[in-house]
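Shown next, in structure tokens, is the structure this report addresses.
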Protein chains: 2
Amino acid sequence: MLKTRTKSKFKEFLLNQGLKSTQQRELILEEFLRAGSHLSTEDLYLRLRKKNPRIGYATVHRTLKLFAECGIAEQRHFGDGQARYEASDQDEHHDHLICVTCGRIVEFEDPRIEQLQVEVAAEHGFSIERHRLELYGFCSDCRQA
Amino acid sequence: MLKTRTKSKFKEFLLNQGLKSTQQRELILEEFLRAGSHLSTEDLYLRLRKKNPRIGYATVHRTLKLFAECGIAEQRHFGDGQARYEASDQDEHHDHLICVTCGRIVEFEDPRIEQLQVEVAAEHGFSIERHRLELYGFCSDCRQA
DNA sequence: TTTAAATTGAAATCCGTTTTCAAACGGATG
DNA sequence: CATCCGTTTGAAAACGGATTTCAATTTAAA
């Protein structure tokens, strides 16, 4: 999604919820969109501190939760005990490949897998609302080493 | 895997590692195998307390980690911030369907999905070591309600 | 037995997340 | 603008599950 589009979506959300548009929230969204995906609260907090030391961890934390609530970000857990956030691609869904050596995270999408998931769930009487698929292994760089 | 087989595998593991076979470890393994899968440390601890109040949380925690190390149990995370353990089925791998309403967890396995995962990973230069696939949705009971 | 090393359990500590609360801010209103 | 009220902020405290500490106990080898 376009950055401007995302920003206005957030502002609209704030308005609807009776929340206020503040300097911090704008800065945080700005940096969140600039930075790559899969950042932890800590990651984003540190990036923001470099440019603006007067920003608190709690605010970053709360704002990321707002992003998730608003639908412009999604929270993820990759097993290292830290929550990470990524910008949502709206309708576009994707899963993750994670290199267990270097920590590199690659996104992918495969409609065939998605289809099979629906089928398998149905066989067990389930209807799927969402799913999580993570493949852990070695990326090309780390396999050679 | 047979309970007796699992127990001897654990004893063997302890021996190899220069660790000791203790009353607590036996009790914990016994109860772990008796109880259903997907228990948190707390769950197992409480069950054990009922029968034997002289068992500590720390010991349950440490013993479950030993089980995982030994290969007779696997640690899982289902997003509620609590680690859960399940007995490993050796070669048998399975994934999970989780009902978001009642919390029911159903295990399933689909070789077609597994195969596609390997293919997709290869397309990105990855070799897979393990994966996690969780489908969240509504089970047949909860869908009707 | 005796002994050295491993184990135990209560309590303390860790560490990421979340909440508290007084001060600062946003923005609606006169 | 100036005022006011509800929202937000950030530092610090609280939280919660996981993990470690340490003195007392248990294991099993000698």
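Worth knowing before you read on, the calculation uses all heavy atoms, side chains too, and leaves out hydrogens, waters and symmetry mates.
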Practice problem: State, to the nearest 10°, the angle formed by the axis through the first five base pairs of the helix from C:dT1-D:dA30 to C:dG30-D:dC1 and the axis through its last five. | Solution: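 Taking five pairs per end, the axes differ by 20°.
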
Strictly under 3.5 Å: I want the nitrogen or oxygen pairs between protein and nucleotides 19-24 of chain C, one per line.
from, atom 1, to, atom 2, distance (Å)
C:dT20, O4, A:Arg62, NH1, 3.2

Main chain of [Y], side chain of [X]: is a donor-acceptor contact present, judged purely on distance under 3.5 Å?
X	Y	value
B:Arg25	B:Thr59	no
A:Ser88	A:Gly71	yes
B:Arg49	B:Ile55	yes

Quiz item: Which residues within residues 48-57 of chain B lie with some heavy atom under 4.0 Å of an atom in DNA chain D?
Solution: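 Result for residues 48-57 of chain B: B:Tyr57, sorted by number.
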
Practice problem: Using a cut-off of strictly less than 4.0 Å between a heavy atom of the residue and any atom of DNA chain D, enumerate the qualifying residues of residues 10-23 of chain B by number. | Solution: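 Only B:Lys20, B:Ser21 qualify.
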
Self-check item: side chain to side chain contact (heavy atoms under 4.5 Å, CB included) partners of A:His124, counting only residues at least two apart
Solution: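 A:Val120, A:Phe126, B:Leu97, B:Val106, B:Phe108.
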
Practice problem: Using distance alone, with no hydrogens and no angle criterion, decide if A:Thr63 and A:Gln24 have a side-chain donor and acceptor under 3.5 Å apart. | Solution: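 No pair is found: no donor N or O on one side chain lies under 3.5 Å from an acceptor on the other.
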
Quiz item: Given a cutoff of under 4.5 Å between side-chain heavy atoms of I, L, V, M, F, W and Y, with clusters grown through shared members, what are the other residues clustered with A:Ile98?
Solution: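 Once heavy-atom contacts under 4.5 Å are chained together, A:Ile98 belongs with A:Phe78, A:Val100, A:Ile105, A:Tyr136, A:Phe138.
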
Quiz item: Which whole-number value in Å describes the distance from B:Gln24 CD to C:dA10 C1'?
Solution: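 Rounded to the whole Å, the gap is 14 Å.
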
Quiz item: Who passes salt bridge (Lys or Arg N to Asp or Glu O under 4.0 Å) against A:Arg76, sequence neighbours left out?
Solution: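 By the salt bridge (Lys or Arg N to Asp or Glu O under 4.0 Å) rule, A:Arg76 matches A:Glu74, A:Glu86.
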
Quiz prompt | Residues forming a salt bridge (Lys or Arg N to Asp or Glu O under 4.0 Å) with A:Glu119, sequence neighbours excluded | solution =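 Partners of A:Glu119 under the salt bridge (Lys or Arg N to Asp or Glu O under 4.0 Å) test: B:Arg112.
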
Quiz item: CZ of B:Arg84 to CG of B:Asp43: how many Å apart, nearest 0.5 Å?
Solution: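 Spacing of CZ (B:Arg84) from CG (B:Asp43) equals 5.5 Å.
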
Quiz item: Is it true that atom CD of A:Gln17 has more than 12 heavy atoms of other residues, nucleotides or ligands lying nearer than 6.0 Å?
Solution: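 More than 12 heavy atoms, drawn from other residues, nucleotides or ligands, come within 6.0 Å of this atom.
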
Quiz prompt | side chain to side chain donor-acceptor pair (under 3.5 Å) partners for A:Glu31, two or more places apart | solution =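 Result, side chain to side chain donor-acceptor pair (under 3.5 Å) vs A:Glu31: A:Arg34, A:Arg47, A:Lys51.
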
Quiz item: side chain to side chain donor-acceptor pair (under 3.5 Å) with A:His131: which residues, sequence neighbours excluded?
Solution: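 Side chain to side chain donor-acceptor pair (under 3.5 Å) check on A:His131 returns A:His93, A:Asp95, A:Gln117.
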
Exercise. Just say parallel, tilted or perpendicular for the rings of B:Tyr57 and B:His61, cut-offs at 30° and 60°.
Key: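 Plane angle under 30°, so parallel.
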
Quiz item: Do you reckon A:Ile72 sits in the same ILVMFWY cluster as A:Leu15, going by side-chain contacts under 4.5 Å, direct or chained?
Solution: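 No: no chain of side-chain contacts under 4.5 Å links A:Ile72 to A:Leu15.
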
Self-check item: First and last nucleotide of DNA chain D, 5' to 3', lying under 4.0 Å from heavy atoms of chain A
Solution: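 First and last nucleotides in contact are D:dG6 to D:dA11.
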
Quiz item: Restricting to pairs with a member in residues 9-30 of chain A, which pass ring pair (Phe, Tyr, Trp, His ring centres under 6.0 Å), not counting sequence neighbours?
Solution: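 As it turns out, the ring pair (Phe, Tyr, Trp, His ring centres under 6.0 Å) pairs with a partner in residues 9-30 of chain A, which skip direct neighbours, are A:Phe10-A:Phe67.
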
